[in-house]
Amino acid sequence: ILRICGHPRIMYHCATTPPRFMRPVADYFDTAVKMEYERLVDPSGRTHIPDHLVHDTGGLGAPHYSAYLNEIFGAFERMSLENDKTVPRVPLTTTNGNTTTARAQLDAQWMFYEATEDMTPAQFCNALAIRLNLIPRHLQLFGTKCNCGYVYTIDDAKSLDHLFSCARSSPVSFTTRHNLVRDTIIRVARNFGITCSKEPTCFTYSSGRHRRPDILFHTEPSQIAIDVSLVSNNIESDIVEDIKSVEKEKQQAHKVAVENSNGRFFPFVMATRGLLGIDATNLIRTLAGAIQPYQQLTFRRRLLHAVAVAAAKGRSDTLAATLRQQMW
């Protein structure tokens, strides 16, 4: 509602009302938006979102109207006086957050509605909190102990890092989150007429080990195989380099065997918090080329959104399952 109804109205007032008269309204609107987000993250009202994350592209990415009043009014004033038909574009967000965290949370497609993908309200609210590196007070893990012996601290970011990187932290395992993403890719591809095989065993590896990629797409002129991996990282590490490292490992493990069968191999690597690797984005473009041209843009958009939703569901379910485990 805020994006579809609120933004056009508040932007119209900011563009047509001198800043000195508009500032009280813009301040009120920005404060009301922050309160609504806090209510989404924690209905009890006990969880507060840091101000800089509300308008940061690595956080909620909400427009900061009160901070850009002069720019908005000035841009539209020039458009009117110069009779320019091009609608001016004024950046309304900031990028002041932690660089590593912002990179790891760049995918925000799951925050937007798509009729073919759904999240429960609880999943959406938990995923929103995780994006902000917050654990809502009603899901607080502070003082509890992980099965590995780690004691969750008051630092929510470190607790979440441990939650997603420790195999013993939650009943929702790495495999569960991996399979959510894998099965989502298969479902979307099949919906667009691409025939897929799950975990094919038709490839021969020189090592003699019984390996298999996750998905084989039966495309023309050559088939495409992929192996899905989710990379957990902490806020101190460089997630981009971590993803590149895993991509290299996957290439070494599968590429030769797939190419010997006249196929192409892509490692589909993404961070636990959503950032896609270069090879994953290349795969999406390559797969789009296997369907009708008029469907390609829709396919790319839908697959990106579906994968983002699947990863967000996995993060949310991991947090909720850990709380239930701690309660018992």
Side-chain angles (χ1 to χ4, degrees), residues 57-59 97-111 126-127 129-133 135 146 148 150 156-186 199 211-215 225-255 258 265-287 303-319 321-322:
T57 53
N98 180 280
T99 302
T100 304
T101 303
R103 281 183 181 177
Q105 298 179 349
L106 275 179
D107 84 310
Q109 290 93 334
W110 60 268
M111 298 174 67
N126 290 345
I130 292 168
R131 180 177 174 82
L132 300 171
N133 274 324
I135 300 179
C146 176
C148 71
Y150 175 84
D156 288 348
K158 290 184 177 179
S159 294
L160 289 171
D161 285 341
H162 181 83
L163 184 67
F164 297 131
S165 61
C166 177
R168 303 177 63 186
S169 65
S170 174
V172 177
S173 64
F174 295 154
T175 303
T176 302
R177 301 203 302 268
H178 165 276
N179 291 349
L180 272 173
V181 175
R182 180 200 63 192
D183 294 344
T184 294
I185 296 172
I186 292 174
E199 298 186 352
R211 289 180 176 274
R212 59 179 182 265
D214 282 316
I215 308 171
I226 72 169
D227 201 67
V228 178
S229 292
L230 268 68
V231 180
S232 298
N233 71 297
N234 56 54
I235 57 177
E236 286 82 17
S237 67
D238 188 337
I239 186 58
V240 175
E241 291 303 317
D242 291 344
I243 289 176
K244 288 181 179 179
S245 176
V246 176
E247 286 177 337
K248 185 177 180 180
E249 292 175 8
K250 294 293 182 182
Q251 290 278 12
Q252 293 172 346
H254 298 283
K255 185 176 181 180
V258 174
F265 176 75
F266 290 87
F268 193 95
V269 183
M270 66 185 300
T272 300
R273 295 174 184 258
L275 181 63
L276 285 177
I278 296 298
D279 286 333
T281 56
N282 290 338
L283 165 76
I284 294 173
R285 285 196 294 267
T286 303
L287 274 181
L303 184 53
L304 280 169
H305 184 272
V307 168
V309 169
K313 284 182 178 179
R315 296 192 295 270
S316 175
D317 292 346
T318 298
L319 177 59
T322 302

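All figures in this text were calculated on a predicted structure; none of them were measured in a lab.
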Could you pull out the closest heavy-atom pair between [X] and [Y], with the gap in Å?
X      : Y      : value
Ala311 : Met270 : CB-CE, 3.7 Å
Phe265 : Lys250 : CE2-O, 3.4 Å
His162 : Cys146 : NE2-SG, 3.4 Å
Leu230 : Val181 : CD1-CG2, 4.0 Å
Ala280 : Glu247 : N-OE2, 4.4 Å
Val269 : Ile243 : CG1-CG2, 3.8 Å

Q | Set of residues satisfying salt bridge (Lys or Arg N to Asp or Glu O under 4.0 Å) with respect to Glu249, sequence neighbours excluded | A |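 None.
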
Q) Could you state the interatomic distance from CD1 (Ile186) to CD1 (Ile226), rounded to the nearest 0.5 Å? A)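 Taking CD1 in Ile186 and CD1 in Ile226, the distance rounds to 8.0 Å.
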
Q: Measure the CD1-CZ distance between Ile215 and Phe268 for me, rounded to the nearest 0.5 Å.
A: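 Interatomic distance, Ile215 CD1 to Phe268 CZ, rounded to 0.5 Å: 8.5 Å.
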
Q: Please assess Lys248 against Asp279 for the test salt bridge (Lys or Arg N to Asp or Glu O under 4.0 Å), listing each intermediate value before the final yes or no.
A: CA-CA 10 Å; Lys248 185 177 180 180; Asp279 286 333; over 6 Å; no

Q: Please assess Arg273 against Ile239 for the test side chain to side chain contact (heavy atoms under 4.5 Å, CB included), listing each intermediate value before the final yes or no.
A: CA-CA 10 Å; Arg273 295 174 184 258; Ile239 186 58; over 6 Å; no

Q. Which one of Asp227, Thr286, Val258, Leu287 satisfies the side chain to side chain contact (heavy atoms under 4.5 Å, CB included) criterion with Phe266?
A.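 In the set Asp227, Thr286, Val258, Leu287, the residue that makes a side chain to side chain contact (heavy atoms under 4.5 Å, CB included) with Phe266 is Thr286.
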
